[in-house]
Each structure stands twice: as C-alpha cells, then as structure tokens.
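Below is one structure, written out as structure tokens, with a few remarks after it.
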Amino acid sequence: MTNSEIRQSLKLAAQLMELHGENPFKTRSYTAAADLIKSMDESLAEMSQDELLAIEGIGKGMAANIASLNETGSFENLDKYLELTPDGVVEMLGISGFGPKKVAVLWQEGGVETLDDLLLLCESGQVAKLKGFAEKSQETLKAAVAFLISNRYSEKYAQVDGLVKELEEEFSAWKEVTQCSETGQTRRRMEVIDLLELVVATEDFEKTRSQINQLAFMSEEEKKSGPVTWYGRHDAAKCPIKIHFVKPERYFNRLIETTGTMRHMHIPVGEKMTIHSELKKEIPSEEAFYESLGMKYIVPELREGSKEIDWAKNDKIPDLIEMSDLKGILHNHSTYSDGKHTLRQMAEHCKEMGYEYLGISDHSQTAVYAGGLMDADVQRQQDEIKQLNEELAPFKVFSGIESDILADGSLDYSEEVLSSFDFIVASVHSGLNMDVKKATDRLLKAVYNPHTTILGHMTGRLLVQREGYPVDHKAIIDACAERGVVIEINASPYRLDMDWRWIDYALEKGVMLSINPDAHEMRGYEDMYYGLQVARKGGLTKASNLNSMSLSEITAFFDSRKKKA
DNA sequence: GCCGTTTTCGGCCCGACTGTTTTCAGTCG
C-alpha cells in the first residue's frame, strides 16, 4: 500500500471511531498518525516493525495496523467499525462541513442510512428539526448530497487515465485485434469521467468479447451490451466502461464518431453536411477525414461542439500549448509550510527537470493548520532563496506566497511584507460556504489588491467531491483583465480550477493564465500534465500562459507588476 | 492509542469560523 492509502485508512478509522463514540484521545492517535505520514518520504510498506516503532507517534498498535494494511489492505479495528456502519453513513462522512458528530445525529436520530435517504429527509424539511441542525445546514447538506449522488459513478480523469492505457495495451496484444484506442471522454481529456470508452478494431467481435470476459477484473452487464458493444465494469473504477467493436476497415469512422460530443458531430460543416453525415464513407485516417471536409484537423480534446468547427474551417485553430512550452513552475509549497520537501529539494529537482525557474509560494500566516509563514519565517525563507539563487544560477527561485484571501477579501500580511515578495498567489481556503455575491465580492477585492499577481484556484472546487463556491466568472475575469491579474489553472487533478470552459472568455478579454501544480512535494510537479490537458481543451496558447515565459521575460513581468503596486 | 515517567497510569489538545445557540460544539485545513 502507498503511504497515502495507509493515511486514508487511518483517517477513516478515526472518523468511524468518533462516530461510534470511542475515546477521543484514542481517536486522535489515529488522526495524529495519519497527519505525520503526510510529511513522510520513506515508503511505510518497505519499513520493518522496528523502524515503524522508532517513529514518534507510532506505537505498537499503529505499527500492527500498518503491517496489517500492507498484508491484507485493512486492519481489525477498521473492519470492526466498517461492519457496524452502513455504507451510506460512511459516504456521509465525506461531506465537507459535516463530521462524525453531525453524521451520528443524522444516522441515529434521523434514521438515515443512505445518501438517497438523506436527500429525501432534506427535501421533506425534517433535517432542520434535528438537534444541531437548522435551515442553513439543511440547505448546505442538500446541495452537497445531490452533488455526491450525481457524481456517484464518476471518476477524476487522473484516476482512470492509467487504467485506460492498460486496457489499450491488453487489447492491442490480442491476435484478432488490429487497432485499439481510448475514445469519448478520456480521449477528449474531460476533467471528470462518467463513461470510459474504447474502440477496438477486430476481425471477430464475439471472440474479443469472450476474451474481455475472461479478464478477472472486467464484468459485463449483458443487458446493456449490444451486438457491437461490450458494456460493464472494471473493478478499479466507479464509472462504467463501454467498448465499441468495429471491423478494421471502419476503425477511424467509429473512432471519430465516439470521440466528439453530439454537438461536435451535428454542427453543419457545409450544405446539408455534418461530421456525422459524412462518416458513411470509409475513412483512411482522422487527418484525412477533416481535410476532406475542407477544414483543418481538430485534435480530440477540442471536439466539444463549441467553436472548433468554425476555427477549423477558417484556419483559426489556436496553436495549443504543449509540455515543452512550460519554462518554469509557479505556486509550490515547501517544508516552510505544509510541503513535504525542503526549499532546496524543491528547487534542485525543478532545475534537474530542465525548468528555468521555480516560484515558491507557501501558505500565509492565517493558515495555521498548514504551518503558514509568520513575518520572521518570510524573512528566513527569503534569505535562503537568496543563497540558493547564488548557488543554482542561472536557475532562479522566485519568492512568493500563497496568501489567504480573508473573509473580507483582504490579503494576509502588512503592506511591507507583501511588498517583499516577487509574486503573490491569492487564494481562498476557509469560509467556503458563501453565496455568489459574497464570494464574488471577496474575490474582486483580492483582484483589486495591487499586490495580487495570480488568482489561485478560483472556485475552491474538489472534483467529484465538493462543488466550488459559486462565483460570477465574468465579473472576476473582467476585473483580472482590467488589473492585469493572472488567473491560475490549478493543475492538481483534484481541482483543475479555474474550469477550462472559461479559458476562452479569459483569452478574449486578454487575460493571462498560468498552469500551476500547487505542488506539495517534488512529485507534485508532474501534475502540470493534467493542467496542460485542460488548458489545451480551453484553447490556451503559450503566448497567453505566464509560465511559458522565459526567465528574463517573467523577471521583467514580476518587476513591472511590482512597480504598479 | 501514544508517550513518559514522579515507571504501568494519567495526560494528551491548533485556532478560526460557522451555525447553532444563548455561551459553545463541531468542523476543518
């Protein structure tokens, strides 16, 4: 098991224990163990019992739990409490703002055992009558539960991209299969996947079907399968899978047909012509197909049915940003706050990966939980940055901060301290339960703050798990345009925030974006890949991406921002 | 459940924010 999986299990155990009224100090030892694993680098799975026991906060009991997790995937105490708790109640523990105590009331007093029960109870107004609940909690809960129910069979892209590749490889190795590709949502690089699709070109549909059914992790739902499709589940994914069988000569027809959205397929491309209508003839390649319709080739991630047909017909497809266009990495954390690796490690690793610069932006002082930097820490970090810059030149570390946007929209330090940074990412981390007016006003005030360089994860959403606070995207983008504030595309696969659907509007307004990994460890840099995927979907070019600037360009950019502040 | 010791039991614990209260419990990052 990975450290993060072990951590999740310990956290779940702690929540369940609290739900069942266990000794709070015992519960805390589980939370404490989970927290300390967060900052650990060594793999727990590879450590001996003695090594585990040497860690402060891990005693005999926890070491045994970890050993058991590695061997069986669970441990006695966790099993015991899971046994005592309905699945729906376990799911309820995942709702933000409602912890074990509240969930216990819903379960014990309200008789709620599933998310559907809970939604009904909210809708009937009964939740507001429970102890510790009122109108507002009921409304919040209703929205959160409805969101969870609608995402019940959805996965984040990063949760399934590896799995799709494995299936592609598996199928491609079969003798009667000539070609195979992902298609549909993953091929379009959607941020959330509720149907995983593949196209398999095969000489023998039924043989391929039976081969799929021989894979232990695949289970067919025959009622939903058809003569040319296999429909079912993969053990490792919440979302269903649809596999399209096609004769080798019609492979590209099926690939095009299943990749684009219905809208893409039905936008007129000529006199009584749509992409869909033109798929009748045999197609040698996707490129040749689009060319035959008198337009430029449209990459899969753009086939949403928005402006791409227009662009392709008028030779105006943006020159989409690529991995090699990223010159530096902004918005990263170190051990100064809640990061796993030291500033030096983060800097050296970034340099080794071939980037020209790193922007470090640890949490600010209000984020006490994350070890946010007090004034003295800022000074200490800036001294270290100075020293690193002498050592690592021409590579450069920029001194930044991820400043909390406080409830009233102000930033988290004195003018003097704010002025000491090269750049500032302003983000909301607390008080997420706001209406659209309050949230928008709060963000606008931060955008109008002359010290703000980048607006961080605009809506605070956690894909599949938590809806972001509602914001008036247009108003905020307009303000960013007016003030020259850069908007972050937070590349964490949990966030991908701002939503790519707003990139086009931002570009229209001349706003600059920035693909930032929000890395809390060296490996976090790899998340840039996910940010890049959604950035491309939104039509981002390197010219409009801040961290595509060279070192000298971005130095000049930060300097000119600071002069205006 | 962990830790430490006055050594086998007693103490352990971040603080802001929210929504519920009528002075605070619960939650979170």
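Any value given below was found using the heavy atoms of this structure, including those in side chains, with hydrogens, waters and symmetry copies removed. Residue numbers start from 1 in every chain, and the chains themselves are labelled A, B, ... in the order their sequence lines are given, proteins ahead of strands.
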B/dC17 and B/dG11: how far apart are their C1' atoms, nearest whole angstrom?
28 Å

Pairing partner of B/dT8 (Watson-Crick or G-U wobble, both distances under 3.5 Å):
none

Checking all strands, does A/P100 fall into the base, sugar-phosphate, or nothing category for heavy-atom contacts under 4.0 angstrom?
sugar-phosphate

Answer yes or no: does atom CD of A/E51 have more than 12 heavy-atom neighbours from other residues, nucleotides or ligands under 6.0 Å?
yes

Would you indicate what A/K26 reaches in the nucleic acid, counting non-hydrogen atoms under 4.0 angstrom: base, sugar-phosphate, or nothing?
base

Using a 4.0 Å heavy-atom cut-off, does A/A134 contact any base of the nucleic acid, only the sugar-phosphate backbone, or nothing at all?
sugar-phosphate

Does a donor on one side chain sit under 3.5 Å from an acceptor on the other, for A/Y336 and A/E384?
yes

Main-chain N/O of A/V425 paired with A/T453 side-chain donor or acceptor, under 3.5 Å:
no

Comparing nearest nucleotides in DNA chain B, the 5'-proximal residue of the pair A/F133, A/E18 is A/F133

What heavy-atom pair brings A/S74 and A/S68 nearest, and what distance separates the two atoms?
O-OG, 2.6 Å

Separation of A/I58 CD1 from A/L36 CG (nearest 0.5 Å)
5.0 Å

Passes side chain to side chain contact (heavy atoms under 4.5 Å, CB included), A/L496 versus A/Y530? Steps please.
CA-CA 8 Å; A/L496 299 175; A/Y530 297 108; 4.2 Å; yes

Start at the 5' end of DNA chain B and walk down; is the nucleotide closest to A/Y30 or to A/E135 reached first?
A/Y30

Looking across every strand, which nucleic acid part, if any, lies under 4.0 Å from A/S96 by heavy atom: base, sugar-phosphate, or nothing?
sugar-phosphate

Check whether more than 12 heavy atoms from other residues, nucleotides or ligands sit under 6.0 Å from atom CZ of A/R501, and answer yes or no.
yes

Would you mind classifying the nucleic acid contact of A/N23 as base, sugar-phosphate or nothing, using non-hydrogen atoms under 4.0 angstrom?
base

Separation between the C1' atoms of B/dC3 and B/dT7, rounded to whole Å
12 Å

A/S364 versus A/D412, side-chain donor and acceptor atoms under 3.5 Å
yes

Using the ring-ring contact (aromatic ring centres under 6.0 Å, His included) rule, pick out the option among A/H331, A/H341, A/H333 that qualifies with A/H520.
A/H333

Please report the shortest heavy-atom distance between A/L443 and A/Y469, naming the atom on each side.
CD1-CE1, 4.2 Å

Regarding A/I55, tell me which of base, sugar-phosphate or nothing describes its non-hydrogen contacts under 4.0 Å with the strands shown.
sugar-phosphate

Inter-nucleotide P distance (B/dC14, B/dG10), Å rounded
23 Å

Taking B/dT6 as the reference, what is the distance to B/dC12 when you measure between their P atoms (whole Å, please)?
16 Å

Within the 4.0 Å heavy-atom criterion, would you say A/S137 contacts the bases, only the backbone, or no part of the nucleic acid?
sugar-phosphate

Pull out every residue in residues 117-131 of chain A that has a heavy atom closer than 4.0 Å to any atom of DNA chain B, ordered by number, or say none.
none

How far does the P atom of B/dG15 sit from the matching atom of B/dT20, given to the nearest Å?
26 Å

Determine the contact category for A/L93: base if any of its heavy atoms lies under 4.0 Å from a base atom, sugar-phosphate if only primed atoms, P, OP1 or OP2 are that close, otherwise nothing.
nothing

Same-atom distance (C1') from B/dC28 to B/dT22, integer angstrom:
25 Å

Applying a 4.0 Å non-hydrogen cut-off, can you work out what A/N77 is touching in the nucleic acid: base, sugar-phosphate, or nothing?
sugar-phosphate

Footprint ends on DNA chain B, 5' to 3', for atoms under 4.0 angstrom from a heavy atom of chain A, come out as B/dG1 to B/dG29

Pairwise C1' distance, B/dC13 and B/dT8 [rounded to whole Å]
23 Å

